[in-house]
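We use all heavy atoms of the structure for the numbers below, so side chains are in, but hydrogens, waters and symmetry mates are not. Counting convention: from 1, in listed order, for ligands and their atoms alike.
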Amino acid sequence: MRLAEHMSQLGTESAFDVLARARALEQRGQSVIHLEIGEPDFPTPAHIVEAGKRALADGWTKYGPTPGFPEFREAIAASVSRTRRIKVGAENVSVVPGGKPIMFFSMIALVEPGDEVIYPDPSFPIYESVIRFLGATPIPIPLVESRGFSFDLDALSRQLSAKTKMVILNSPANPTGGVISREDLGRVAEMVRHRDLIVLSDEIYSRIWYETEPSSIASFDGMLEKTIILDGFLKTYSMTGWRLGYGVMPKWLADAVNLLTVNSNSCTASFTQRAGMAALEGPQDCVVAMVSEFRSRRDAIVKGLNAIPGFRCTVPAGAFYAFPNVARTGLPCKALADLLLNEAGVACLAGTAFGAHGDGYLRFSYANSLANILEAIVRIQRISLRWAR
Ligand SMILES: Cc1ncc(COP(=O)(O)O)c(C=O)c1O
């Protein structure tokens, strides 16, 4: 028996492969500092865990409504309306188990063979994977290091066509930590406003920013009715394993996403939604403290990476990734990532894991303690004798 042909189109996330290799090395006694995985290393805040436990004890252990509990969707709509300066209601919100289901479902709902989907390169590998899976044509748009890893707007303008069904934005971004400026978003909005397409705006890192609060393209004139905002509790409240995310979109699209939820997950776990409610309604100082800690680590890792021969690291404006340019080491980035893992005990990802334009870069997740980050820098410094002359 063979797998269905469309399975051959699916890609994957190599972070999980590198994690497995790093764990295998650890089992053989090697010390590895994990800078490969994209999840906050903080525990889920105690009041959220308590709300989850209480919900279990109170019997929130049964099926819930497919789109999410109404009061939870209301609370999400109110929060998104406030933070994005837009006006949405519960009918626009689909609660799903994670961030990926919004990607997957919104693309299944909209994209078909013959369509083109524009997406950033380098970016989260699942975008390209799903585009290919659906038989559509992926159109990567290079991100530009000198512009803080914002889009190449001219390339975007050239690539938009009558076939463009969707444009994917991700700000703050994985893997670059880049934030698309409000000015650039305004120009993107101008380019797409009158076109028959949908923007999937992946804002999963919306609360993790350092200097300037990122804007959402949904807040620009005429864009709310053609934007899907993807966000969730995973990164903001350190809840990756709870699997709690949502999409905010025009009602006709939310209805389609909900139909896909009925056909796949039935609903999102009830008690996790209660925990999410506590996250939204409770104190936000946990988020402030996490971002402040990430800021100190960001400053330390950028300084450390810039001191490594052949490395050049721009200061990321959001998320928790540093994305140094390592072209001047003279080593292919995949070989360099392997060398760092196998011989220095530092796990990171090759930029090419995020697309062809990631060539010449490495991604370091600074979701690890300051002490470990500093130790990783010492280890990289030591092994840099291999490429530095
Ligand atoms: C850009 C981006 N979007 C969405 C997600 C959410 O993914 P998941 O559903 O696996 O938590 C992630 C997680 O790393 C991400 O980096």
Side-chain angles (χ1 to χ4, degrees), residues 10-19 34-42 44 94-108 117 119-131 140-141 143 149-151 166-180 199-209 214 216-217 227-249 257 260-261 264-265 268-269 272 275-276 279 294 316-323 348-349 351 353-355 358 363-368:
L10 278 177
T12 189
E13 258 193 272
S14 64
F16 292 107
D17 299 340
V18 175
L19 177 65
H34 292 274
L35 301 180
E36 77 279 43
I37 276 289
E39 71 176 347
D41 52 315
F42 307 94
T44 304
S94 288
V95 176
V96 290
K100 280 177 186 156
I102 290 297
M103 255 169 240
F104 201 45
F105 293 166
S106 63
M107 285 200 245
I108 293 178
V117 179
Y119 66 106
D121 184 351
S123 68
F124 196 45
I126 302 305
Y127 305 142
E128 183 184 345
S129 167
V130 181
I131 299 165
I141 301 287
L143 299 183
F149 290 109
S150 189
F151 262 135
M166 182 180 270
V167 174
I168 301 177
L169 304 179
N170 175 216
S171 172
N174 177 11
T176 63
V179 169
I180 307 178
V199 175
L200 172 60
S201 181
D202 184 341
E203 303 178 13
I204 200 79
Y205 299 101
S206 60
R207 299 277 294 276
I208 307 175
W209 52 271
S216 172
I217 192 155
T227 301
I228 300 167
I229 296 175
L230 180 164
D231 203 345
F233 297 78
L234 314 153
K235 315 278 177 177
T236 303
Y237 299 101
S238 205
M239 293 177 76
T240 43
W242 294 73
R243 309 309 303 141
L244 189 58
Y246 56 82
V248 178
M249 63 202 94
V257 166
L260 287 160
T261 300
S264 51
N265 307 302
T268 302
T272 66
F294 275 147
F320 41 77
Y321 305 111
F323 200 63
C348 66
L349 301 183
F354 301 91
R363 189 195 81 170
F364 293 89
S365 157
Y366 45 90
N368 204 328

protein heavy-atom neighbour closest to atom 12 (C) of ligand 1 works out as F124 CZ, 3.6 Å

Ranked by distance from atom 14 (O) of ligand 1, the top protein heavy atom is K235 NZ, 2.7 Å

Between I102 and G247, the two heavy atoms sitting closest are CD1-N, 3.4 Å

If we number the atoms of ligand 1 from 1 as shown, the ones under 4.0 Å from a heavy atom of M103 are 3 (N), 4 (C)

Should E13 be counted as touching ligand 1, given the test is an N or O pair under 3.5 Å?
-> no

re atom 2 (C) of ligand 1, the protein heavy-atom contact at minimum distance is D202 OD2, 3.4 Å

With a 4.0 Å cut-off on heavy atoms, does Y127 reach ligand 1?
-> yes

Check: K100 N/O within less than 3.5 Å of ligand 1 N/O: yes

Exercise. May I ask you to check whether G99 has an N/O atom sitting below 3.5 Å from an N/O atom of ligand 1?
Key: yes

Strictly distance-based, threshold 3.5 Å: is any side-chain N or O of S206 a donor or acceptor partner for the main-chain N or O of E203? yes

Checklist entry - Does N170 reach ligand 1 with a nitrogen or oxygen that is under 3.5 Å from one of the ligand's nitrogen or oxygen atoms? => result no

Side chains of D121 and I141, heavy atoms from C-beta outward: is any pair under 4.5 Å? no

*Sub-4.0 Å heavy-atom contact, I204 with ligand 1*: yes

So, do F42 and F294 have ring centers that fall under 6.0 Å from each other? yes

Nearest non-hydrogen protein atom to atom 8 (P) of ligand 1, with distance, is R243 NH2, 3.4 Å

| request: Run the salt-bridge test on K100 and E13 with the 4.0 Å N-O cut-off and return the result as yes or no. | output: yes

query = What's the verdict on ring-ring contact (aromatic ring centres under 6.0 Å, His included) for F323 and F149, showing C-alpha distance, side-chain angles and the deciding distance?
reply = CA-CA 10 Å; F323 200 63; F149 290 109; 5.6 Å; yes

F364 vs L349 side-chain heavy atoms within contact, under 4.5 Å
no

Aromatic ring proximity F124/Y119, centre distance under 6.0 Å | no

